[in-house]
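A short write-up of the structure that comes next.
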Amino acid sequence: MPEKPYDHTSIELKWCERFADANLFEVTEDPSRPKYYLLEMLPYPSGTLHVGHIRNYTIGDALARYKWMRGFNVIHPMGWDAFGLPAENAAIANKRHPRDWTLSNIAKMKQQHRRYGFSYDWSREVSTCEPEYYRWNQWFFLKMYEKGLAYRKKALVNWCPECATVLANEQVVDGCCWRHESTPVEQRALEQWFLKITAYADELLSAIGELEAGWPERVLAMQRNWIGRSEGAEADFTLVASGHKVRVFTTRIDTIFGATCVILAPEHPLVDELGSPDVKAEAKRMIDSRAAKGPGDIEKEGAFTGLHAQSPFGGPPVPVWIGNFVLTGYGTGAIMAVPAHDERDFEFCRKYGIPVRPVIRPVDGELAREDTIAAFPDDGILENSGEFSGLTSAEARRRMCAQAEAGGFGTHAVTFRIKDWGISRQRYWGTPIPIIHCPKCGSVPVPEQDLPVVLPVNIEITGRGRSPLENVPEFVQTACPRCGAAARRETDTMDTFIDSSWYFYRYCDAHNSQAPFDSAKIAYWFPIDQYIGGVEHAILHLIYSRFFTKMMRDLGLITNSEPATRLFTQGMVIKDGRKMSKSVGNVVSADEMAERYGTDTARLFALFAAPPEKDLDWQFSGVEGAYRFLSRVYRLVTRNADAARDAAPAPPAGDADKAVLRKLHQTIARITEDFDSRWHFNTSIAALMELMNEITEHESALTPGCIASLLPNVVLLLGPFAPYLAEELWEELGRPGPLCKQSWPVFDAALAQDDSVEVAVQVNGKVRARITVPHDTGKEALEAAALADPRVKTHVDGKQVVKLITVPGKLVNIVVKG
RNA sequence: GCCCGGGUGGCGAAACCGGCAGACGCAACGGACUUAAAAUCCGUUUUCUCGCAAGAGGAGUGCGGGUUCAAGUCCCGCCCCGGGCACCA
């Protein structure tokens, strides 16, 4: 049969349509097969897929198809992170309802997904903006409220003027909104709902150890950093004049005899209570200037309060200052300054002429003098510290903590940098917080049977004022569930990161109307075997998800403590050396690729151009190369399809047969290895290209029996990377489909074995010759052959052979002297 | 400042356990086919020196040292790029 030209469009549309209603990848629990839960982070339905999405999903899809072919029961779901601000902005700009806008975007993107043929089980699709989904957000909220894990308090919170809403700490990047990178967030004091993620701070940190085998080190490092556990002590200083206690937190209680002042954060309550008008004014100035400057280096400033305090361990009273570098939200909001042993304290005290009192000497050195020019921040031996003098820092910390606890003036203490998760948003397009404010009963949870609290549809979004829900009387006005009196509904909605904190559980039981899911189904599918997504969620989504999992475990809903055993963070797709963005105008859309080159080509290029964890520059010349390759495969298979169909597969019958079958089995080994360990699909595809080169070279000499055993395997190997083309060629070969449900090719070591190998011969480490010998040549025969080579002889003759190093099948190194 | 990555041809990259550096692809150049072009196919392509040539020799994986028969790979000290954290007491 003559070869056919590769018409990607008709092939891809044919199979796309043929599989449209089949839901080929629908799965159910099946205890007889090993399960594999493969998950890619769900997208925000912005309206169009670009090649960055395509790369992400293609990595997962190749793996899913491979696992299917290896006999796993693969759950591979997809859904939509459908709540969020862009829908409201679009509503303002286009006068469209956020819901319409979102749903039409979802429809469009789902169409694109289908066009690309990703192997999802669409029966499990989840949209987080549907009441069937978000009612369970509300349910989890109520469960947490019962356990004291959800609470309301007035606090200083991050306010993004652009979003007109509050942000969580995790959503503030360099002092600016994560969505508006040049908009500094403001601090506002508001009544807000919080989730007590700090209750799990210790476990979130310690369980990182269990993730080390499967999560990227840098993600874990970022989480450790964010949680920021620090172990130390709290101790009470006593104000000399009034007897007030000032509690300080320190990791270096062993240096307390070197404390030469106490410094309060400008927001510290004692400033308000005892400060003179001047001091209060100074504190306010510090607070304002810190807010104005934002993050970064600020000059240390302080002011003396006029007060003095006494250390609980004795010694002379020290002055009490306020300092702009002392944070109110960390520790106790007050510190003891030990300039001799802390660089920041040193800088501050030097600036204001506060004395430096060294109390720690290096283990093998002298105590620093009081006029030292630098702090000594390391552990050492205590001096001038009363009964503790002579102890090591570590021992002193233990004894001082014990004494503080015994004396009731202090305690061992652990402090975390992570704060509770502020989830209130003054926006419309999110999950309503299921709380009713009653003038008599206070905050009353909506009874479980009244869920969901449905987001009203009739709404006007203006982008001005406070929460849009406040303007919907039929939503706001309600009765108190407890006493029946007229009451107001909470009008804040939840942070959309709640939605994505547990969606992967819902996939396991997506249509359950009685519960968020059936625990037995979770027990079968969980944990996620492989999670794939962008590293930008390292301390947002990924830490919230871990928190939710632990919370759900403690509610008795699930038994796993971590959501995912393995995490893969893929690199970004860039274009012309920069991040793709609408404003730069360098976004490559999925549709454009599908039309110009086909989805198989787009997928192949996405995998071939770089290993998946690295950034990838989307070069159209490289895309052409991928297209050329698929086109070569198509033409090769179609022009040999008759032979492959009519002949029975046979063992190799000549040198050409042997050469291509050898290469085939070497390729099977390489690709299988890539899937099972490193995911370097770029080398898998390179191996396929090498195989193609080898086949074309010998094509005219191949026997029909060889072609019949060769081509089906080539097509199977191609399946995970270019599924539509592979499906088409499988049909061309007369095989019953679908290809994606066939078994992965079986490696045959005997066929893969090279007859002869090229061995490099070095003299003193320099390659002087390459000799070809039978693959099973023994060490001695190999050495003899190496020494006999004329090119080697010219470098060895007349010299003494000191040593021979032989690596069979690879090289011989002849070490000579003289 | 601290913690992660990374630095290999004109470009994307490969070399997985220390064993032939540059597989595979892109681009470029030369050739075949063609009236011509596209497509396709074949060939060259790290670099320098010597040679008409076949070939021979040297250098080479950010820089400087070291270990080793052998280093892109291991060790020590630097430089540069990307990312994260950063007055957290």
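Per chain, numbering begins at 1; letters A, B, ... match sequence-line order.
Looking only at atom types and distance, the side chain of A:Y66 has a donor-acceptor partner in the side chain of A:D676 under 3.5 Å away. At a cut-off of 3.5 Å, with distance as the only test, no side-chain donor of A:E3 or A:Y634 sits close to an acceptor on the other residue.
Rounded to whole angstrom, the span from the NE2 atom of A:H341 across to the C1' atom of B:rC87 amounts to 19 Å. Separating the NZ atom of A:K575 from the C1' atom of B:rG12 is a distance of 13 Å, rounded to the nearest angstrom. Rounded to a whole Å, the CD atom of A:E697 is 14 Å from the P atom of B:rC41. Note: CG (A:L636) to C1' (B:rC41) measures 14 Å, nearest angstrom. One atom, CZ of A:F325, and another, P of B:rG1, lie 21 Å apart when rounded to the nearest Å. In this structure, CZ of A:F605 is placed 8 Å from C1' of B:rG12, rounded to the nearest angstrom. Atom pair A:I227:CD1 and B:rC3:P shows a separation of 19 Å (rounding to whole Å applied). One can place CG of A:L616 at 12 Å from P of B:rG12, the figure rounded to the nearest angstrom.
Applying the side chain to side chain contact (heavy atoms under 4.5 Å, CB included) rule to A:A785 yields the partners A:I771; only residues at least two apart in sequence or on another chain are considered. Residues passing the side chain to side chain donor-acceptor pair (under 3.5 Å) test with A:K810, sequence neighbours excluded: none. Under the rule for a side chain to side chain contact (heavy atoms under 4.5 Å, CB included), the partners of A:H412 that lie at least two apart in sequence or sit in another chain are A:E231, A:C401, A:E405, A:V414. The side chain to side chain donor-acceptor pair (under 3.5 Å) search around A:D615 returns none, not counting sequence neighbours. Not counting sequence neighbours, A:R218 has no partner by the salt bridge (Lys or Arg N to Asp or Glu O under 4.0 Å) test.
With a cut-off of 3.5 Å on both pairing distances, the Watson-Crick and G-U wobble pairs of RNA chain B assemble into stems of 3 or more at B:1-7 with B:79-85, B:10-12 with B:24-26, B:28-32 with B:40-44, B:46-50 with B:55-59, B:62-66 with B:74-78.
For A:H680, no side-chain nitrogen or oxygen approaches OP1 or OP2 of B:rA13 to under 4.0 Å. The side chain of A:K766 contributes an N or O atom lying less than 4.0 Å from OP1 or OP2 of B:rA59. Look at A:K614 and you won't find any side-chain N or O under 4.0 angstrom from OP1 or OP2 of B:rG6. Side-chain N/O atoms of A:R678 include one lying less than 4.0 angstrom from OP1 or OP2 on B:rA15. Phosphate proximity of B:rG84 to A:R224: absent, as no side-chain N or O sits under 4.0 Å from OP1 or OP2. Between A:R417 and B:rA86, a side-chain N or O to OP1/OP2 separation shorter than 4.0 Å is present.
With the nearest nucleotide of RNA chain B identified for both A:Q619 and A:N324, A:Q619 has the one nearer the 5' end. Each of A:M336 and A:W226 was assigned the nucleotide of RNA chain B with the nearest heavy atom; the assignment lying further toward the 5' end belongs to A:W226.
Across all strands shown, A:H795 has heavy atoms under 4.0 Å from sugar-phosphate atoms exclusively, and none from any base. As judged by a 4.0 angstrom heavy-atom cut-off over every strand, A:E343 is placed among residues making no nucleic acid contact. Residue-level contact check: A:V338 touches neither bases nor backbone, having no heavy atom under 4.0 Å from any strand. Nucleic acid contact class of A:R229 (heavy atoms, under 4.0 Å, all strands): none.
The environment of CD in A:E780 is sparse: at most 12 heavy-atom neighbours from other residues, nucleotides or ligands sit within 6.0 Å.
For the pair A:R596 and A:F620, the cation sits on the ring face: its NZ or CZ lies under 6.0 Å from the ring centre, inside 45° of the axis. Annotation: cation-pi geometry satisfied between A:K300 and A:F325 (NZ/CZ under 6.0 angstrom from ring centroid, within 45° of ring axis). For the pair A:R417 and A:W226, the cation-pi criterion (under 6.0 Å, within 45° of the ring axis) is fulfilled.
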What pairs of nitrogen or oxygen atoms, one from the protein and one from nucleotides 69-71 of chain B, lie under 3.5 Å apart?
residue: B:rC69; atom: O2'; partner: A:N813; partner atom: ND2; Å: 3.3
residue: B:rC69; atom: O2; partner: A:N813; partner atom: ND2; Å: 2.6

Pairwise N/O distances under 3.5 Å, protein to nucleotides 22-24 of chain B:
residue: B:rA23; atom: O2'; partner: A:E690; partner atom: OE2; Å: 3.0

Write down the protein N/O and nucleotide N/O pairs, taken from nucleotides 26-28 of chain B, whose separation is under 3.5 Å; answer none if there are no such pairs.
residue: B:rC26; atom: OP1; partner: A:R628; partner atom: NE; Å: 3.0
residue: B:rC26; atom: OP1; partner: A:R628; partner atom: NH2; Å: 2.7
residue: B:rC26; atom: O2'; partner: A:S621; partner atom: OG; Å: 2.9
residue: B:rA27; atom: OP2; partner: A:R628; partner atom: NH2; Å: 3.3

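Considering only the side chain of A:P611, B:rA13 comes nearest among B:rA13, B:rA89, B:rC85. Here B:rA89 is the nucleotide among B:rA89, B:rA13, B:rG84 with the atom lying nearest to any side-chain atom of A:I335. In the set B:rG84, B:rG19, B:rA89, B:rG84 carries the atom at the smallest distance from any side-chain atom of A:N225.
Taking atom P on both nucleotides, B:rA56 is separated from B:rG65 by 31 Å, rounded to a whole Å. Across the C1' atoms, B:rC29 and B:rG19 are found 35 Å apart, a figure rounded to whole Å. When the C1' atom is used for both B:rG66 and B:rA71, the distance is 11 Å, rounded to whole Å.
Electrostatic pairing of A:K779 and A:E783 counts as a salt bridge here, judged by a charged N lying under 4.0 Å from a carboxylate O. The residues A:E299 and A:K351 are annotated as salt-bridged, a charged nitrogen and a carboxylate oxygen being separated by less than 4.0 angstrom. Taking 4.0 Å as the cut-off between side-chain N and carboxylate O, A:D379 and A:R252 count as a salt-bridged pair.
A glycosidic torsion no more than 90° from 0 defines the syn conformation; B:rG65 lies beyond that range and is anti. Base orientation of B:rC42: anti, since the glycosidic angle falls outside 90° of 0.
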Side-chain donor-acceptor pairs under 3.5 Å in residues 682-690 of chain A, sequence neighbours left out?
residue: A:T683; atom: OG1; partner: A:D674; partner atom: OD1; Å: 3.4
residue: A:T683; atom: OG1; partner: A:D674; partner atom: OD2; Å: 2.8
residue: A:T683; atom: OG1; partner: A:H680; partner atom: O; Å: 2.7
residue: A:S684; atom: OG; partner: A:D674; partner atom: OD2; Å: 2.8
residue: A:E690; atom: OE1; partner: A:K663; partner atom: NZ; Å: 3.0
residue: A:E690; atom: OE2; partner: A:R670; partner atom: NH1; Å: 3.3

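Pairs passing the side-chain hydrogen bond (donor to acceptor under 3.5 Å, both in side chains) check and including a residue from residues 255-268 of chain A, sequence neighbours excluded, read A:E267-A:R290.
When each of A:T305, A:V320, A:L264, A:I322 is tested with A:L270 by the rule side-chain contact (heavy atoms from CB on, under 4.5 Å), just one qualifies, namely A:L264.
Residues from residues 258-267 of chain A with heavy atoms under 4.0 angstrom of RNA chain B: there are none.
When atom types are taken as modelled, the side chain of A:H665 and the backbone of A:F747 share no donor-acceptor pair closer than 3.5 angstrom. Using a distance-only test at 3.5 Å, with no hydrogens or angles considered, a donor-acceptor pair links the side chain of A:Q223 to the main chain of A:A538.
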